[in-house]
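Each chain gets a letter, A, B and so on, in the order the sequences are listed, and its residues count up from 1.
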Number of protein chains: 2
Amino acid sequence: MKSLEVKEGLSIKKPTIADVAHEAGVSKSTVSQYMNKRYEYMSSKTKGKIELAIKELGYTPNYIAKSLKQKRTLTIGIIVANILHHFSTQVSRAIEDLCQERGYQAIICNADDQPDKERSYIDMLRAKQVDGIIAIPTEGNTELYAELVQQGYPVVFLDRTIADIDIPAVVLNNFEAARGAVAHLLQQGHRSIGMLTGPLNISVRRERVDGYLYAMEQHEVEHDYIWMKEVTKANAMAVLENMFTLKQRPTALVIGNDFLLLETLKFVKSKGIKVPDELAFITFDEVEYADLFQPTISTISQPAFQMGRKAAELLLGHISEKKRPAQLKYEFTATMKLRDSCGENRSL
Amino acid sequence: MKSLEVKEGLSIKKPTIADVAHEAGVSKSTVSQYMNKRYEYMSSKTKGKIELAIKELGYTPNYIAKSLKQKRTLTIGIIVANILHHFSTQVSRAIEDLCQERGYQAIICNADDQPDKERSYIDMLRAKQVDGIIAIPTEGNTELYAELVQQGYPVVFLDRTIADIDIPAVVLNNFEAARGAVAHLLQQGHRSIGMLTGPLNISVRRERVDGYLYAMEQHEVEHDYIWMKEVTKANAMAVLENMFTLKQRPTALVIGNDFLLLETLKFVKSKGIKVPDELAFITFDEVEYADLFQPTISTISQPAFQMGRKAAELLLGHISEKKRPAQLKYEFTATMKLRDSCGENRSL
DNA sequence: TTGTATGCGTTATCAG
DNA sequence: CTGATAACGCATACAA
């Protein structure tokens, strides 16, 4: 009963490799060999002694010491925009899964889209010597990222990319996704189509807007029918209300993310607007209730898991191969899930 | 331009405290003093030299080395049931926020309710010398937790507790929450009330079932009207379908979590059941769409943020004070948010 | 096949 | 006020 050794409630000092060596009557290096499974030239007798000593003492190696020596921590950092967003949790989960498969651990950090927090997390992660970083970056720390890449430090961007920075990025084909959604709405007969997006200080959103505008222009829609609305969660309702008092108001909407979807749903409900007859919409991001809502909600679904996994593969590859991924951009495709809210099942 | 020093794309060795000492013409210990803001007996001249050298070299301290020396990592581990659950992300977020305030970092691990994964994460976290652990525990590693507590290692349980283990826990008053919900339904005139819960190998769920049964018995409901259904996400639909073919089928339901809520909604929708007239329900866990759904969904809402923050306070307190929290149980109260789905706004 | 010596980058102790 | 030196726990080259 090893528990007998630790009667007192005091914090017990953990046994070290030296203790094991002493207990087993061998040297530290031999124990070290054992721990790292270099059994090749080890007599089964010493092996047995060491095994016993380890069990006896309840020895577990100290990774901190190991890391200091080996200059790697088997840990990576993830910097997400906000862990409360589905997309962030999904990619985190995917990254974590791959890490576990490969013996790595991930530290998840919330930058909240604030460059200050982002910087402070990067600094902390580096101080902790994490072997690499996967980030959903803001655009406020480009010099810092440039510095990292220049030092040969493994970094992979996810979801977003930053212009002129030589860091591989796993992204969605946002332009095409938005363009396709708008094209579908146009084809359904809509002419006045709105786009509701979060602040355009983020590449992803700008690309989506570009796709939207491109589709509208291709279809030669009059300028009066183009409603590109840059909103925050706080003012989305007000903007919608205002827009819908106007004559040429949109009959369809492309919504930028699940948060804005909620605002839209709130708006629609409060005004008693009929979906999709009075207003059709399709939203970026899959939501769990898409199929259950009345009407069901059309979505532009991102392969979040695959994207997260890909990012992790690239980063871990970079770490182990010691050379950065070949491509600079790994693009994934969104899939439209057409349901009732964009008028799929009605005759216009 | 410090960037000039690192022309080659090769991985640059980071400057150490020794490099700074050399550059500044002082000793390592003096630089160390400086880094730790022990300026008391330091001439402003040396201070300046060190400052300059640090900037010159772009020196940042190595926390791994620091941790090895100081035997603390300023890192804690969080073991959650599943990061894809809202509750887990919310508590993680709350914990992380407090950690950041106090200069700690959190490593989030997904145990997926699998004791094996849980054990392997605990081992890994300990190997990495994290200063403490917050866990939503399974009941498959009680000996391991017993060992930890016996070693005086800081652990706090969250959401769940384990019998006979001397570890402080932050929990919901599940019994009372379930009892209250059932009492409300009874008061609304329901008699046949069902309870849909996940597998009962988890204390939280058993407590809720106890609360449910207590309320039913208090109200002297006949045994035929008690529908306690232990289901998984996979078979929930089938169980519901089966139950609703029966004569004494429930007219109201208490749902155990947001996953089962989705299944119930799917069921209700596929069968065209009218809520709340043909079936009323209330669910544990707040969902973002509760107010938007048709009908709006009554919820039993947990103060996830406060619970997470409390757990973090207890753990960080234990770590810094070096003695465990006074109480063994910190109980939070759920709040019922009565909306349409449990018949709040209709006359029976 | 195993042991000895040295260093990883810090901090702590104690002289000076 | 500052510096030399010894840890911290492990891995590795080299010796034996």
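In this structure, I17(B) places its CD1 atom 14 Å from P of dA4(D), rounding to the nearest Å. Rounding to whole angstrom units, CD of residue Q33(B) and P of dG3(D) are separated by 10 Å. Distance, N36(A) CG to dA13(D) P: 12 Å, rounded to whole Å. When rounded to the nearest whole Å, the span between CD1 of I64(B) and C1' of dA11(D) equals 15 Å. Summarising the geometry, the separation between CE on M35(A) and C1' on dA11(D) is reported as 12 Å, rounded to the nearest angstrom. Rounding to whole angstrom units, CD1 of residue I50(B) and C1' of dC1(D) are separated by 11 Å. Look at NZ on K37(A): it is 12 Å from P on dA11(D), rounded to the nearest Å. The nearest whole Å value for the distance from the CZ atom in R38(A) to the P atom in dA13(D) is 11 Å.
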What donor-acceptor contacts under 3.5 angstrom involve side-chain atoms of residues 57-64 of chain B, with partners at least two apart or in another chain?
unit_1: T60(B); atom_1: OG1; unit_2: K14(B); atom_2: NZ; d: 3.1
unit_1: N62(B); atom_1: OD1; unit_2: I64(B); atom_2: N; d: 2.7
unit_1: N62(B); atom_1: OD1; unit_2: A65(B); atom_2: N; d: 3.1

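Each of S29(B) and L68(B) was assigned the nucleotide of DNA chain C with the nearest heavy atom; the assignment lying further toward the 5' end belongs to L68(B). Sequence order on DNA chain D of the closest nucleotides to M42(B) and Q70(A) puts M42(B) first from the 5' end.
When atom types are taken as modelled, the side chain of N110(B) and the backbone of I83(B) share a donor-acceptor pair closer than 3.5 angstrom. With T75(B) contributing its side chain and A106(B) its backbone, the two residues share no donor-acceptor pair below 3.5 Å.
Base engagement by K28(B) is indicated by at least one non-hydrogen atom pair under 4.0 Å involving a base atom. When heavy atoms are screened at a 4.0 angstrom cut-off, S32(A) is found touching base atoms of the nucleic acid. When heavy atoms are screened at a 4.0 angstrom cut-off, K66(B) is found touching the sugar-phosphate backbone but no base atom. Among the protein residues, T46(A) comes within range of the sugar-phosphate backbone only, with heavy atoms under 4.0 Å from sugar or phosphate atoms but none that close to a base. Across all strands, Y34(B) comes closer than 4.0 Å to no nucleic acid atom at all (heavy-atom distances).
Within the cation-pi definition used here (under 6.0 Å to the ring centroid, within 45° of the axis), R126(A) qualifies as a partner of Y153(A).
Using a 4.0 Å cutoff to heavy atoms of chain A, the contacted part of DNA chain C runs 5' to 3' from dT1(C) to dG9(C).
For residues 121-152 of chain A, the ring pair (Phe, Tyr, Trp, His ring centres under 6.0 Å) pairs, not counting sequence neighbours, are Y145(A)-F157(A).
A salt bridge is absent between D131(A) and R72(A): the closest approach of a Lys/Arg side-chain nitrogen to an acidic carboxylate oxygen does not fall below 4.0 angstrom. The pair R93(A)-D112(B) counts as a salt bridge, with a side-chain nitrogen and a carboxylate oxygen less than 4.0 angstrom apart.
Side-chain nitrogen and oxygen atoms of S43(B) include none within less than 4.0 Å of the OP1 or OP2 phosphate oxygen of dC1(D).
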